[in-house]
Amino acid sequence: MNRMITLILIAIAGLAGQLVDGGLGMGFGVTSTTILVMLAGLGPAQASAVVHTAELGTTLVSGISHWKFGNVDWRVVAAIGIPGSVGAFVGATVLSNLSTESAKPIMSLILAAIGINLVYRFSRGLIRRQVVETPHSKPFLGFLGLFGGFVDATGGGGWGPVTTSTLLSAGRSEPRRIVGTVNTAEFFVTAAATAGFVLGMWDDLVTHLSAVGALLLGGVIAAPLAAWLVTRLNPILLGGIVGTLIVMLNLPVVLKALGVGATVLIVVRVVVLVVGVALSIRGWRRHRANWRAANEKEAAIGAESGSAEATETPADSHVR
């Protein structure tokens with residue numbers, strides 16, 4: 001009975017992770033890993049292994065879909081995917097050899113940092129309508145991929161929050177190209193992480209194959225719902241709230257390992273929740289204000305160009 005409840009919780013983790021990922025283009029690993037550790041009772045290494053094995057299927061399908069829609073820059077895929085795979089393999093190997101007692105606060109620290117990063121980025125409410133295509137340097141992409149891959153494996157997720165959010169904030173390429181390229185590279189990163197877990201903890205991974213199936217099932221069920229929700233929910237608000245919940249669940253684990261008392265941990269959770277929700281609402285309002293201002297600016301430019309054409313003399317029109 002307990003086994004069945006655990007599998008149901010894992011399926012819910014896959015469903016929640018896919019809903020977040022469908023709304024933000026990132027977050028499947030971070031969200032599902034947090035739920036697997038906190039609610040399903042899996043160890044950090046087991047949770048990360050389950051998530052990455054399940055992601056082999058989802059990232060492959062995602063990469064092929066983006067490739068067909070022309071959203072992939074293969075030069076960037078190689079530039080971040082190869083070092084990302086190295087970082088992921090090393091991260092998986094390191095996590096596989098840590099004890100559960102040591103790994104849990106370390107993973108929670110990584111997840112809390114990712115959550116704080118999400119809250120910060122989405123609280124700014126920035127939008128980019130026009131993008132000037134400017135390639136990043138190979139050393140920058142290489143370091144970003146290496147760091148993102150290592151964080152992804154040791155944190156049970158984080159490739160998207162680290163790489164996608166960094167490239168989106170730089171604004172050097174179209175958002176669809178960034179998301180498509182990063183998602184395609186993620187398949188290779190996931191494969192490398194899974195290989196590291198297979199070598200380091202094969203017996204545990206085989207034991208949790210049913211968990212992999214449950215996570216995939218939850219993700220498959222949520223996929224069409226996520227596609228519908230993304231047209232209804234504001235991604236800025238969703239991203240901030242998800243980041244807040246990730247911090248609220250993981251930061252107390254880190255503080256507890258440092259000897260902080262239970263009363264203080266409750267206060268920390270309340271403070272994180274209040275501040276995070278406030279920042280999320282602030283980002284949503286900023287996003288709406290920025291979007292409105294951009295629309296008004298485009299309308300003003302269109303009106304000016306229309307009036308200029310209307311006042312043009314026949315001679316000018318003939319010359320043009």
Side-chain angles (χ1 to χ4, degrees), residues 3 6-7 9-11 13-14 17-18 21 26-37 40-64 77-78 80-108 110-111 114 145-163 182-220:
R3 175 69 173 171
T6 300
L7 290 177
L9 289 173
I10 292 173
Q18 186 58 46
D21 199 77
M26 65 181 82
F28 179 84
V30 176
T31 305
S32 54
T33 297
T34 297
I35 297 175
L36 288 176
V37 173
L42 269 68
Q46 288 82 6
S48 187
V50 167
V51 168
H52 282 90
T53 305
E55 281 187 320
L56 279 174
T58 58
T59 55
L60 177 61
V61 173
S62 177
I64 293 173
V77 168
I80 64 173
I82 294 174
S85 299
V86 174
F89 183 83
V90 172
T93 303
V94 169
L95 187 61
S96 298
N97 289 285
L98 285 177
S99 66
T100 301
E101 292 76 15
S102 302
K104 191 169 184 179
I106 293 174
M107 174 179 277
S108 292
I110 295 171
L111 290 171
I114 292 172
L146 184 68
F147 179 70
F150 184 82
V151 169
D152 188 73
T154 54
W159 175 255
V162 171
T163 56
V182 170
N183 280 1
T184 302
E186 188 176 10
F187 169 74
F188 302 101
V189 174
T190 298
T194 304
F197 287 121
V198 166
L199 293 177
M201 44 185 297
W202 170 253
D203 291 337
D204 284 336
L205 191 56
V206 171
T207 302
H208 290 93
L209 280 180
S210 57
V212 174
L215 193 67
L216 270 174
L217 177 62
V220 169

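Side chains included, hydrogens not; waters and symmetry mates left out as well; all remaining heavy atoms used.
- Between the side chain of Ser48 and the backbone N or O of Ala153 there is at least one donor-acceptor pair closer than 3.5 Å.
- Between Gly29 and Glu55 the shortest heavy-atom distance is N-OE2, 3.8 Å.
- Rounding to the nearest 0.5 angstrom, the gap separating the CD1 atom in Ile35 from the CG atom in Leu42 is 12.5 Å.
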* Tell me, with the steps shown, if Val182 and Ile80 meet side chain to side chain contact (heavy atoms under 4.5 Å, CB included). => CA-CA 8 Å; Val182 170; Ile80 64 173; 4.2 Å; yes

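- For Val37, the side-chain contact (heavy atoms from CB on, under 4.5 Å) partners at least two apart in sequence or on another chain are Thr33, Ala47, Lys104, Met107.
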Donor-acceptor contacts under 3.5 Å from residues 184-198 side chains, at least two apart:
from, atom 1, to, atom 2, distance (Å)
Thr184, OG1, Gly180, O, 2.7
Thr190, OG1, Glu186, O, 2.8
Thr194, OG1, His52, O, 3.4
Thr194, OG1, Thr190, O, 2.8

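- Expressed to the nearest 0.5 Å, how far CZ of Phe150 lies from CG of Leu95 amounts to 9.0 Å.
- Heavy atoms only, all atoms of each residue included: Ala78 and Pro83 are closest at O-CD, 3.9 Å.
- Residue pairs satisfying the side-chain hydrogen bond (donor to acceptor under 3.5 Å, both in side chains) criterion with at least one member in residues 86-95, sequence neighbours excluded, are absent.
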* To do: Start with the C-alpha distance between Phe28 and Leu215, add both sets of side-chain angles, then the distance that settles side chain to side chain contact (heavy atoms under 4.5 Å, CB included), and finish with yes or no.
  => CA-CA 11 Å; Phe28 179 84; Leu215 193 67; 4.2 Å; yes

* Asked: Val30 and Leu111: side chain to side chain contact (heavy atoms under 4.5 Å, CB included), yes or no, with the steps?
  -> CA-CA 7 Å; Val30 176; Leu111 290 171; 3.7 Å; yes

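- Contact detail for Ser32 and Val51: the closest heavy-atom pair is OG-CG2, 3.6 Å.
- Looking only at side-chain heavy atoms (C-beta outward), Ile10 and Leu36 come within less than 4.5 Å of each other.
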